[in-house]
Amino acid sequence: MASLRLLIFLFLLSLSSALNAQQKFVLSGNIKDSLSNEAMPSATIFVKELNNGTYADENGNFSISLPEGNYTLQISYLGYKPTEQKVDLRSNIHLNIQLPEENMVIEEVEVKDKKDAQNVEETKMSNMKLDIQQIRKLPALFGEVDVIKNMQMLPGIQVAGEGNTGLYVRGGSPDQNLILLDDAPIYNASHVGGMFSIFNADALKSAEIYKGGIPAQYGGRLSSLVDIRTKEGSMTKFKGSGGIGFPIASRLTLEGPILKNKISFMVSGRRTYIDEFFFPFDKLKGNKIHFYDLNLKLTYNINTKNKLYFSAYTGRDVLKFKGLFGVDYGNTAGTLRLNHVYNDKLISNTILIYSDFIYSTNFDFGSQQLKFTTGIKERSLKHDFTYFLNSKNEISFGAIITYRKYDPGQFVPQSDSSVFKGIQLDKYYSIDEGIFISNKQKFTNRLTLDYGIRYSIFSNIGPGNVNQYNGGTISSDSLNGSTHYNSGQNIKTYSNPEPRVSGRYMLTESSSIKATYNRMYQYIHLMSNATSPIPLNMWVPSTNYIKPQKADQVAAGYFRNFLNNKFETSVEGYYKQMNNALDFKDNAQLLLNSHIETELRRGKSWSYGLEFYLKKSKGKTTGWISYTWSKTQRKIPGVNNGEVYYSSYDRRHNLNLVFSHDFNDRFNFSANWIFGSGRPFTLPAARYQFDNTVAAYYTARNGYRMPAYHRLDVALNLNSKKKEGRNWSSSWSFSIYNLYGRKNPYTITVQDVPNQPGQKQIVMIYLFRQLPSIVYNFNF
Amino acid sequence: MNRLYILLLSIIILSSCQQVLKEDLNGIDPKIVIEGLITDSAGPYSVKITMTADYYNNQIPPPVTNAIVIISDNAGERDTLTQTLPGLYKTHTGKIIGAPTVTYTLTVQVNNQTYSSTSTMPAHIKIDSMGYTYYSEPDFIHKKGYYPIAYSKIPVTQPNYYRLKFYRNDTLMNKDRIRIGSDVNLKGGSEFARNFPNVYRQNDKAVIEYYMLTKESYDFYNGLIQQLNNDGGVFSSPPANAPGNISNGALGLFQTSALEVDSLILP
């Protein structure tokens, strides 16, 4: 099996040199920022005469095959001034195009061309790209601009509750999102138990989420792909930016050339300092509560054919109570990517990927010190190719292989004299491969299909001990010893085809219908029965007993732009079904359990919904309205007596209004209003007395609804005056979160009425009412 | 562990607030609740039978007065219990005698329904001695005063489960706070110091009771504790019923426990 996979991999590699056929002339090129030389991914290249176009890849490269002739190219990119270029195509031509930033343009440019109808024209659907510059103006909790929280305001994405960065995409759970930071998966994308995401907006170039129609080159999670890319440092000029925020964090980003036009760097850091504020006194000194993020990017233009990128991230949450316990967790991720242009038609990326997430808690009971750790670590090699066959076909193919190590939990006494035995669960290991090929084919001027397949092969391998169970039932009672597997020995392999299809049919120049189908498999599972993932993330692979999760999703939509693409609208409907969806038995014991499979329950989960979106991204007033109607249910034997129940993040209605207005160059006002109908939760049906305790008797899981969630946030942004010849600019951002002080449910719990033992009440806990923050930002 | 994050968040937020909600709960048909306990101390042993009630209703649980309650053991002894108070059924002296390793069966008949449970009494662990720590200054956790300690040797035969009760001058200190433990993660043969959770003063009498539990009883209490600690938050697991050991859908527990007691008068 392994040698077959190797063969296929080699075949794909060799294919790259074999594909070289030429017919028409090839117009290829590279699109960059005119100042920083930074690549412009997904920039639009539109050939006016042919009413046809293409998009640049993530490195700003494009290629299109055209008949001989004179053409006018229109090149555009969000936030940049569109550029026109004449081309006399009589041979293969390679262009280096530089786009100037929009804010350098004196007059407002009204863009009228069809190239702005990208949302209508592209085959992609169920996909949203955030404009990082725009979201910086929006109100933010504690002033921390957060791409993940902005994604939560898009249609089809739910939020668990107040101040939570978990993404619940079309009925999926937060562990079903493949969150990539420069191609490296991030296993725990949040700080402070979900309050903030780990993505420091200063370091980011783009952030995109796929709720469906996930490209064949990505796999491994059921519900979404979140593709986040960091900025490349400027190749020409040393620059810096940063911010000082009250009450939470400060940031600093530096970038510039190391070797002009050859090598650049970008380094960005963020740290909170609430502990420095609140624990300066003797008694509290030594107690810690903070987090930090550090991003680094190096870009090396080796030559016109080769470009090398190195990206690294590390971040930690640190919490320490002197003499009691300390918690420390975070991710480290890195990628090394070589972008190689073989010729006008063939481009490849070779990527080495590393990612880990490690969680640890230290308990300090005086003489007894204990350390608990859990984590996951992976290394991947990915090789992908884009082959611009001709003007009608763009083929992508490649393969990825991942070696992963899972640490489900170690509980280790810190001294030999300890009374604690310590628990060291067996680590799990897996090899994960994906081979993918897809073709974006233009059938007619109206119809384009993007079809492909991913073949995933997942092997749980040794070393390891596999529990054996008597009589086919997996329970702690039927546990009967274990079988040992040696290092590298295959324990269990799953392999599955994952078809992916998206299609677009243009109805008019500014309207289209699209449809997509995708099948996804997820081979790794988060052992958490909390609604929102706690930082204590225990991941386990698919094993003999834990089957891969599977999702099938269909979606269809109507896309239409109005008033010269000033307004973008879309309506999408989806249906998603998940098999082997995970839940856990009542009172599941997930911590340090050597037979964790006995705690799992598997079944079906399904979700359907309608998503409406209206967006205005040009002009002084920008913003969007999104409304989602959706329903998510599950039926899992062993949970809720096998009856259908609502998933914990099922919300019927979601409405988001986002508004931003530039009064002039200096003043901007923005606001957002968020509404979500209440999510389900569980309340007791009756009480009984046992001993001196009032116990609760539960019947239905998630049988009640919390009150609706809504809030209004506002922000005022003030930019410093622009002065000729001055490099320093700054801005102030004042925001108020939850302006009208809505008491939004954070949790709902049953408690004793104070001073009335035995008398119970239902109590809602809410966090923030009006919460102001001030951020001072600077650029130089 | 979940509570840790709530604590963490609470610190960040400095002030989280509460509001009482009035939620109409869907009632259910009342269910039988059985609470039976046999220890290896002298009897009589009792079985309490009540019904579930409305969740908000803080009344004495409705007793079941028409039950036939029988306890038998694997040595052939059998006793039909007598109701001494409404819903409270007691064994007769000299019939059933609690002893470790003996298996007991409880049968309850109410309104043509039979509920039953079987439990084998677990063995003792031995408290070797008692001591205390004196705190002359209060700190993060402790008040000024004596904190008694019970020393025991962790059994080599594992696992053992137990429920703990702490008394101060004959007052049960953890009346509404169930404390359970197990030695699953402790080294057999090593000394273990069990700290009392409350402060004691001079001349106070400190008593500790170890009720040894079966795994089923431990799981039941653990379920109860989970319920009480569940804050319903996004970090909590969904609340669930405490898993009892009685058949036919009755709630509650039939517990058989060896009971180890030790005491200390503080100087």
Side-chain angles (χ1 to χ4, degrees), chain A residues 160-161 164 192-193 195 274 289 319 323-324 327 411 419-421 423 529-532 534-536 584 586-588 591 681-693 695-699 701-704 743 746-750 756-768, chain B residues 1-2 4-5 8-9 11-13 16-23 25-28 30-31 33 35 50-58 61 140 154 175-176 178 185-187 190-192 219 222-224 226-228 230-243 251-253:
Chain A
N164 193 294
V192 205
M195 199 69 77
I274 202 158
I289 175 165
L319 172 71
L324 285 176
V327 178
F411 185 68
V419 297
F420 291 97
K421 261 187 225 166
I423 305 170
N529 54 358
T531 304
S532 175
I534 54 176
L536 204 170
F584 300 87
D586 283 350
N587 297 301
L591 208 58
F681 72 117
T682 307
L683 279 178
R687 67 154 65 192
Y688 62 97
Q689 189 140 353
F690 190 90
D691 200 3
N692 290 306
T693 304
Y697 178 66
Y698 295 94
T699 49
R701 168 86 60 105
N702 287 339
Y704 294 85
K743 294 172 183 171
Y746 177 66
T747 74
I748 291 182
T749 157
V750 290
Q756 292 183 53
Q759 183 67 51
K760 297 282 183 178
Q761 63 183 10
I762 295 165
V763 171
M764 174 180 92
I765 295 168
Y766 57 93
L767 300 185
F768 314 112
Chain B
M1 197 63 79
N2 292 347
L4 195 146
Y5 297 104
L8 184 159
L9 288 168
I11 286 164
I12 283 275
I13 292 136
S16 66
C17 312
Q18 296 196 347
Q19 184 180 329
V20 175
L21 292 185
K22 193 69 196 170
E23 194 84 33
L25 299 175
N26 310 325
I28 51 154
K31 295 179 79 89
V33 182
E35 181 179 349
T50 54
M51 303 294 284
T52 58
D54 171 48
Y55 190 72
Y56 290 118
N57 191 351
N58 189 24
F140 234 34
I154 297 159
K175 191 177 173 193
D176 45 14
I178 299 166
N185 299 326
L186 301 178
K187 280 181 200 156
S190 56
E191 280 296 329
F192 189 75
D219 288 344
N222 196 28
L224 277 190
Q226 297 275 325
Q227 273 191 4
L228 296 171
N230 197 308
D231 53 44
V234 288
F235 299 127
S236 301
S237 46
N241 290 315
L251 308 178
L253 180 71

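Sequence lines set the chain letters: A, B, ... in the order given, protein chains first and strands last, and positions in each chain run from 1.
For the pair B/Gln18/A/Thr749, no side-chain contact is recorded, criterion being any heavy-atom separation below 4.5 Å from C-beta on. By the 4.5 Å heavy-atom criterion applied to side chains, B/Cys17 and A/Tyr766 are counted as neighbours. Inter-residue side-chain proximity for B/Asn58 and A/Gln756 is flagged as unmet; no heavy-atom pair is nearer than 4.5 Å. Under the 4.5 Å side-chain criterion, counting only non-hydrogen atoms from C-beta, B/Leu224 is in contact with B/Ile178.
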Legend entry - B/Tyr55 vs A/Val750, side chain to side chain contact (heavy atoms under 4.5 Å, CB included): CA-CA, chis, key distance, verdict: CA-CA 10 Å; B/Tyr55 190 72; A/Val750 290; 3.5 Å; yes

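Across A/Asn587 and B/Gly223, no two heavy atoms sit closer than the pair OD1-CA, 3.9 Å.
Within the 4.5 angstrom heavy-atom criterion, atoms from both the backbone and the side chain of B/Leu186 approach chain A. For B/Asn57, the part sitting under 4.5 Å from any heavy atom of chain A is the backbone (N, CA, C, O) and nothing else. Looking at B/Asn185, both its backbone and its side chain come within 4.5 Å of chain A, counting heavy atoms on both sides. Only the side chain of B/Ile154 comes within less than 4.5 Å of a heavy atom of chain A; its backbone N, CA, C and O stay farther away. If you measure heavy-atom distances from B/Leu253 to chain A, the contacts under 4.5 Å come from both the backbone and the side chain. Using a 4.5 Å cut-off between heavy atoms, A/Tyr704 touches chain B through its side chain atoms alone. Looking at B/Leu251, only its side chain comes within 4.5 Å of chain A, counting heavy atoms on both sides. Using a 4.5 Å cut-off between heavy atoms, A/Thr682 touches chain B through backbone and side chain atoms alike. Heavy atoms of A/Ile762 lying under 4.5 Å from chain B belong to its backbone as well as its side chain. For B/Val33, the part sitting under 4.5 Å from any heavy atom of chain A is the side chain, from C-beta outward, and nothing else. Of the atoms belonging to A/Asn702, not a single heavy atom falls under 4.5 Å from chain B. Contacts of A/Lys760 with chain B are made by both backbone and side-chain atoms, with heavy-atom separations under 4.5 Å. With a 4.5 Å cut-off on non-hydrogen atoms, B/Lys22 does not touch chain A at all.
Contact tally against chain A (heavy-atom pairs below 4.5 Å) for B/Thr50, B/Asp54, B/Asp219: the top residue is B/Asp54. If you tally non-hydrogen atom pairs under 4.5 Å between each of A/Ala686, A/Ala695, A/Gly703 and chain B, the highest count goes to A/Ala686. Between chain B and the residues A/Arg687, A/Gln759, A/Gln689, A/Lys743, the most heavy-atom pairs under 4.5 angstrom are made by A/Arg687. Chain A forms more heavy-atom pairs under 4.5 Å with one residue of B/Leu25, B/Asn241, B/Thr52 than with any other, namely B/Asn241. Listed options A/Tyr697, A/Phe420, A/Phe411, A/Phe584 were ranked by heavy-atom pairs under 4.5 angstrom with chain B; first place goes to A/Tyr697.
A distance-only check finds a donor-acceptor pair linking the side chain of B/Gln227 to the backbone of A/Ala696 [under 3.5 Å]. Under a 3.5 Å cut-off, the side chain of B/Glu35 and the backbone N or O of B/Gly252 do not form any donor-acceptor pair.
Rounding to the nearest 0.5 Å places CE of A/Met764 at 9.5 Å from OG1 of A/Thr747. For the atom pair OG1 of A/Thr699 and CD1 of B/Ile28, the computed distance is 6.5 Å after rounding to the nearest 0.5 Å.
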